[in-house]
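To find a chain, count down the sequence lines: A is the first, B the second, and so on, and within it residues start at 1. Atom set for the values below is all heavy atoms of this structure, side chains included, hydrogens, waters and symmetry mates excluded.
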Number of protein chains: 2
Amino acid sequence: MFERLCIIGIGLIGGSIAKAARAEGLCKQVVALGREKNLPNMQRALELGVIDAFYTDAARAMAGSDCVIICTPVGSIQAIFEQLKPHWNPQTLYSDAGSTKASVIDAARAVFGEVPGNFVPAHPIAGAERSGVEAAKVDLYRNRRLIITPLAGTDSQAVDKLGEFWRRIGSSVSLMTVEHHDTVLAATSHLPHLLAFALVGLLGRKDEQREIFKYAAGGFKDFSRIASSDPTMWQDICLANKQEIIPLMQQFQAELKRIEQLLQNDDAAALFDTFSYAKQARQRFLETFDDPS
Amino acid sequence: MFERLCIIGIGLIGGSIAKAARAEGLCKQVVALGREKNLPNMQRALELGVIDAFYTDAARAMAGSDCVIICTPVGSIQAIFEQLKPHWNPQTLYSDAGSTKASVIDAARAVFGEVPGNFVPAHPIAGAERSGVEAAKVDLYRNRRLIITPLAGTDSQAVDKLGEFWRRIGSSVSLMTVEHHDTVLAATSHLPHLLAFALVGLLGRKDEQREIFKYAAGGFKDFSRIASSDPTMWQDICLANKQEIIPLMQQFQAELKRIEQLLQNDDAAALFDTFSYAKQARQRFLETFDDPS
């Protein structure tokens, strides 16, 4: 599909795209662009055979790259756009893998005035609590969802081509508006991560005074897994999507307050209903999750 | 160790004790005691070979049983004590598997005046979101913790014997006070379950209006697993331990409010610190969890 794929930010997300694209024969060459401080990571990516070359100079990285995917934490995407602007090529397909979409669109508008038609905003719904290129997996996106959030001015051929790229690395591709994406992800991903960080932090401070982790069960291990996610990535996501996240946090606090009141009132029947509804809802989620169609 | 083990409440927890005790040769016979409405479940346990016989009559179940373990939801334990009282045998070892301990002690006091010395309150830290005897596993307690919360009047030989029983089915046995147990479990188990029920409930209601579960990632699957737990069991646990759970819910809400304020203020550095601390705390938890010594 492409002569040369350029990944900006060759960590778990970018490295997994590189591995999958190569495995499926979707590009002849994969290169990475990064900053000075990313040199050791890019060097490691080269040693692992994830990429064929790497650059810190945007001009050299862009020359000959007909597909460029930005895989850095969302807080740095505006700086990347600034870096790419002098070399922007109307024939190249540009995309990203950011977990929030309005912030990426805003960053593009800030840099380019208008979002370029050959930039296709996208988000693969696949993460892991590990990070770095060593954690990259060829099948990270297999049977996962890829969401594209095109704008009115986005080139439809570019959208189709990006969709085909992701389908060929195993993902199920959905199109939705930027707003819908950010609302849905705030609920299913951003809020749960904040809850996990908040809980594990609270318990961690208690554990420093009196051992409690020792007596946690396996359920807590699963529940707290996402608290091991990359702090920089999540700081960026939370700030980038705070307009959606804050109201949800408030709704969640209201729900906790309601349950607290049920406990105060010994309202066993209402607790049972609350827990039963959640159990059924999770069953519905599992049926949806296991069938990404 | 025992001639006849009697399990009251032959579900996941009781069934797994029965299977493990039998596999390790810790008793010659296993029987179950239950109510009329438990007949189909006890019948199934018999068919599966988990028990040798079952009764709805306490006198017949107790005759010849030298070890009795109560494995019903904690809300029903007082009724069980009432049922056992006329047949209470000073030579028999009685215990339970309740997830809260103060409530069980209170129930014993209400029925017996003083907690019998041959009743040893215990709690295996092993659960699963599945329930029922069909879900019982011979190795559910292997490499798990068993907490015994003896009182001043608890017979120390009975404590030793129960400890040996659990060690022989693979658990690491700890002794602690009732209060410490209930504080620790509120933090590591009860609060996380409430958060999972609250979140999945909130998202479930949103999902009814607009599909969102479809776009959740694998992290949410793990995070929400405990929301599939048995509603009756959890209604009982939450009410039985509400004195410990309510203050924790309030602390958690305060922590959420603090994070919400960091988002409002765009305080990236403080968010980073919050998330980093949690990530490190979870690493400490994993190191503790993987080594139950």
Side-chain angles (χ1 to χ4, degrees), chain A residues 125-127 145 184 187-189 192 194-204 206 212-217 219-228 231 234-235 238-239 242 245-246 249 251-253 255-256 259-260 263 266 268 271-272 274-279 281-282 284-285 288-289, chain B residues 125-127 145 184 187-189 192 194-204 206 212-217 219-228 231 234-235 238-239 242 245-246 249 251-253 255-256 259-260 263 266 268 271-272 274-279 281-282 284-285 288-289:
Chain A
I125 310 289
R145 290 185 186 279
V184 166
T188 56
S189 172
L194 280 176
L195 299 182
F197 283 128
L199 179 76
V200 177
L202 182 70
L203 267 55
K206 289 184 185 291
I212 61 166
F213 282 149
K214 192 170 162 180
Y215 303 104
F220 181 73
K221 187 177 179 184
D222 290 337
F223 182 83
S224 61
R225 180 165 292 134
I226 52 180
S228 294
W234 281 95
Q235 154 209 310
C238 291
L239 290 178
K242 71 179 207 178
I245 296 170
I246 289 173
M249 287 182 84
Q251 289 164 37
F252 186 79
Q253 288 171 70
E255 176 65 6
L256 279 190
I259 294 176
E260 186 191 324
L263 291 180
D266 286 317
L271 283 174
F272 180 85
T274 300
F275 300 165
S276 293
Y277 178 81
K279 186 180 166 81
R282 185 164 190 276
R284 200 167 72 232
F285 156 69
T288 311
F289 182 80
Chain B
I125 311 288
R145 290 185 185 278
V184 167
T188 56
S189 172
L194 279 175
L195 298 183
F197 282 129
L199 179 76
V200 177
L202 182 69
L203 267 54
K206 288 183 185 292
I212 61 165
F213 281 148
K214 192 171 163 182
Y215 302 104
F220 180 73
K221 187 177 178 184
D222 290 337
F223 184 84
S224 62
R225 180 166 293 134
I226 52 180
S228 295
W234 281 95
Q235 155 210 310
C238 291
L239 291 178
K242 70 178 206 176
I245 297 170
I246 289 173
M249 289 182 82
Q251 289 164 38
F252 185 78
Q253 288 170 71
E255 176 65 6
L256 279 190
I259 294 176
E260 186 191 322
L263 290 180
D266 285 317
L271 283 174
F272 180 85
T274 300
F275 299 166
S276 291
Y277 179 81
K279 184 179 167 80
R282 184 163 190 276
R284 201 168 71 233
F285 156 69
T288 311
F289 182 79

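For chain B, the option among A:Ala187, A:Gly201, A:Pro192, A:Cys238 with the highest count of heavy-atom pairs below 4.5 Å is A:Pro192. Residue with the most contacts toward chain A among B:Ile246, B:Ile245, B:Thr274: B:Ile246 (heavy-atom pairs, distance under 4.5 Å). Heavy-atom pairs under 4.5 Å with chain A were tallied for B:Arg225, B:Lys206, B:Met249; the largest tally goes to B:Arg225. Among A:Phe275, A:Tyr277, A:Trp234, the residue with the largest count of heavy-atom pairs under 4.5 Å with chain B is A:Phe275. Considering only heavy-atom pairs separated by less than 4.5 Å from chain A, the leading option among B:Ala227, B:Ala281, B:Ser224 is B:Ser224. If you tally non-hydrogen atom pairs under 4.5 Å between each of A:Ala196, A:Ala216, A:Ser276 and chain B, the highest count goes to A:Ala216.
Distance check, rounded to the nearest 0.5 Å: CD of B:Gln235 to CG of A:Leu271 gives 6.5 Å. Distance check: A:Arg284 CZ to B:Lys214 NZ gives 14.0 Å after rounding to the nearest 0.5 Å. For the atom pair CG (A:Leu195) and CZ (A:Phe223), the distance works out to 6.5 Å, reported to the nearest 0.5 Å. To the nearest 0.5 Å, atoms CZ (B:Phe213) and CZ (B:Phe220) are separated by 5.0 Å.
By the 4.5 Å heavy-atom criterion applied to side chains, B:Leu194 and A:Leu263 are counted as neighbours.
For B:Ile226, the part lying under 4.5 angstrom from a heavy atom of chain A is the side chain only. Neither the backbone nor the side chain of A:Ser189 has a heavy atom closer than 4.5 Å to any heavy atom of chain B. The contact between A:Glu255 and chain B is made entirely by side chain atoms (from C-beta outward), counting heavy-atom distances below 4.5 Å. Interface remark: B:Phe272 contributes backbone and side-chain atoms alike to the contact with chain A (heavy atom separation under 4.5 Å). With a threshold of 4.5 angstrom between heavy atoms, B:Leu199 approaches chain A through its backbone and through its side chain. Interface remark: A:Leu203 contributes side-chain atoms only to the contact with chain B (heavy atom separation under 4.5 Å).
A donor-acceptor pair is defined here as one N or O able to donate and one able to accept, closer than 3.5 Å; no such pair exists between the side chain of B:Glu260 and the backbone of B:Leu256. Checking side-chain atoms of B:Arg282 against main-chain N and O of A:Lys221 turns up a donor-acceptor pair under 3.5 Å.
With sequence neighbours excluded, no residue forms a ring-ring contact (aromatic ring centres under 6.0 Å, His included) with B:Phe252.
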